[in-house]
Amino acid sequence: PEPKPEPKPEPKPEPPVETPAMKATKLIAEADESYKVGAALYVQIVKEMKTPPTTNDGLQALLDKKASAQAELTKAREAYTAAREHARDQAYVAGKLTNIDSAMSRLKVKEDEIRSLMK
């Protein structure tokens, strides 16, 4: 009897090539996540400033929250900007960038308000 030939291993499929549109979709998903976190922090700051803390520690906690919101929104802006050219929905990205710029300027106003209350 003739020996059976060794079975050939299955060829491994090539990893899919990431197109610019695929990369943009991934970046937008990451940006959306950062945007949600930053926007949620922003809303908390606005609510807390309706009756601001009376201690410097409480005010400092608000400043820390503002810094976190700013960091998340900056991360979102960078990802949206990187994705903009190849995004399927250019208007969506442009709208998000406008919202971020608006929130960032309002955060600066909140920061000034918080600092003015510190003793």
Side-chain angles (χ1 to χ4, degrees):
E2 222 171 277
K4 290 184 179 169
E6 289 284 320
K8 288 186 179 165
E10 289 290 316
K12 289 186 178 159
E14 290 292 315
V17 175
E18 188 174 59
T19 65
M22 289 165 66
K23 186 173 169 87
T25 300
K26 197 185 294 181
L27 282 167
I28 289 169
E30 292 168 11
D32 284 346
E33 206 49 49
S34 293
Y35 179 83
K36 280 181 207 163
V37 172
L41 288 167
Y42 170 76
V43 168
Q44 288 175 20
I45 293 164
V46 170
K47 284 181 181 170
E48 289 178 42
M49 281 302 289
K50 287 181 180 169
T51 52
T54 54
T55 66
N56 276 354
D57 286 348
L59 293 166
Q60 185 59 51
L62 268 179
L63 285 176
D64 293 346
K65 196 176 281 190
K66 185 227 97 172
S68 296
Q70 233 171 351
E72 290 295 334
L73 291 172
T74 298
K75 200 161 80 173
R77 179 197 286 138
E78 288 168 358
Y80 284 128
T81 300
R84 183 179 10 197
E85 186 183 344
H86 298 288
R88 286 193 194 118
D89 188 347
Q90 299 267 328
Y92 175 81
V93 172
K96 287 293 187 181
L97 287 168
T98 299
N99 291 349
I100 289 170
D101 289 342
S102 174
M104 293 291 254
S105 64
R106 290 192 308 263
L107 278 170
K108 178 68 182 121
V109 170
K110 292 296 175 198
E111 177 184 2
D112 294 343
E113 286 175 29
I114 294 165
R115 289 192 186 285
S116 75
L117 296 169
M118 294 180 106
K119 296 162 185 77

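Just so it is clear, the values below take in all heavy atoms, side chains as well, and ignore hydrogens, waters and symmetry mates. Starting from 1, each residue takes its place in the sequence as its number.
- A distance of 11.0 Å separates CG of Asp112 from CG of Leu107, quoted to the nearest 0.5 Å.
- For the residue pair Ile114 and Leu59, the shortest heavy atom distance occurs at CG2-O, 3.5 Å.
- A 4.5 Å side-chain heavy-atom check between Tyr92 and Leu97 finds every atom pair outside the cut-off.
- Within a 6.0 Å sphere centred on CD of Glu85, heavy atoms belonging to other residues, nucleotides or ligands number 12 at most.
- Side-chain contact between Tyr80 and Leu27 is absent, with no heavy-atom pair separated by less than 4.5 Å.
- Here OH of Tyr35 is found 13.0 Å from CD of Glu72. Values are rounded to the nearest 0.5 Å.
- The side-chain heavy atoms of Thr25 and His86, taken from C-beta on, include no pair separated by under 4.5 Å.
- Separation of atoms NZ (Lys96) and OG1 (Thr98) is listed at 11.0 Å; rounding is to 0.5 Å.
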Determine, stepwise, if the pair Met49 / Val109 fulfils side-chain contact (heavy atoms from CB on, under 4.5 Å). CA-CA 11 Å; Met49 281 302 289; Val109 170; over 6 Å; no

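- We find that Lys75 and Glu78 are not joined by a salt bridge, their nearest charged nitrogen and carboxylate oxygen being 4.0 Å or further apart.
- The two residues Thr54 and Lys119 make their nearest non-hydrogen contact at O-NZ, 3.1 Å.
- Cluster note: Met22 groups with no other residue, as no ILVMFWY side-chain heavy atom lies under 4.5 Å from it.
- Counting heavy atoms from C-beta on, the side chains of Leu73 and Ser34 never come closer than 4.5 Å.
- Here the side chains of Lys66 and Lys108 are not in contact, with every heavy-atom distance at 4.5 Å or above.
- Between Arg88 and Ile28, every side-chain heavy-atom pair lies at or beyond the 4.5 Å cut-off.
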Quick one: side chains of residues 36-48, donor-acceptor pairs under 3.5 Å with protein atoms, not counting sequence neighbours, listed by atom name and distance.
from, atom 1, to, atom 2, distance (Å)
Tyr42, OH, Arg106, NE, 2.7
Gln44, OE1, Lys65, NZ, 3.0
Glu48, OE2, Lys65, NZ, 2.6

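- Between Ser105 and Ser102, the shortest heavy-atom contact is OG-O, 2.9 Å.
- Residues that satisfy the side chain to side chain donor-acceptor pair (under 3.5 Å) test with Arg84, not counting sequence neighbours, are absent from this structure.
- A salt bridge links Glu111 with Arg115; the closest basic N to acidic carboxylate O contact falls under 4.0 Å.
- Of all the heavy atoms in Ala87 and Ala24, the pair that sits closest is N-CB, 4.0 Å.
- The heavy-atom pair separating Met104 from Thr74 by the smallest distance is CE-OG1, 3.1 Å.
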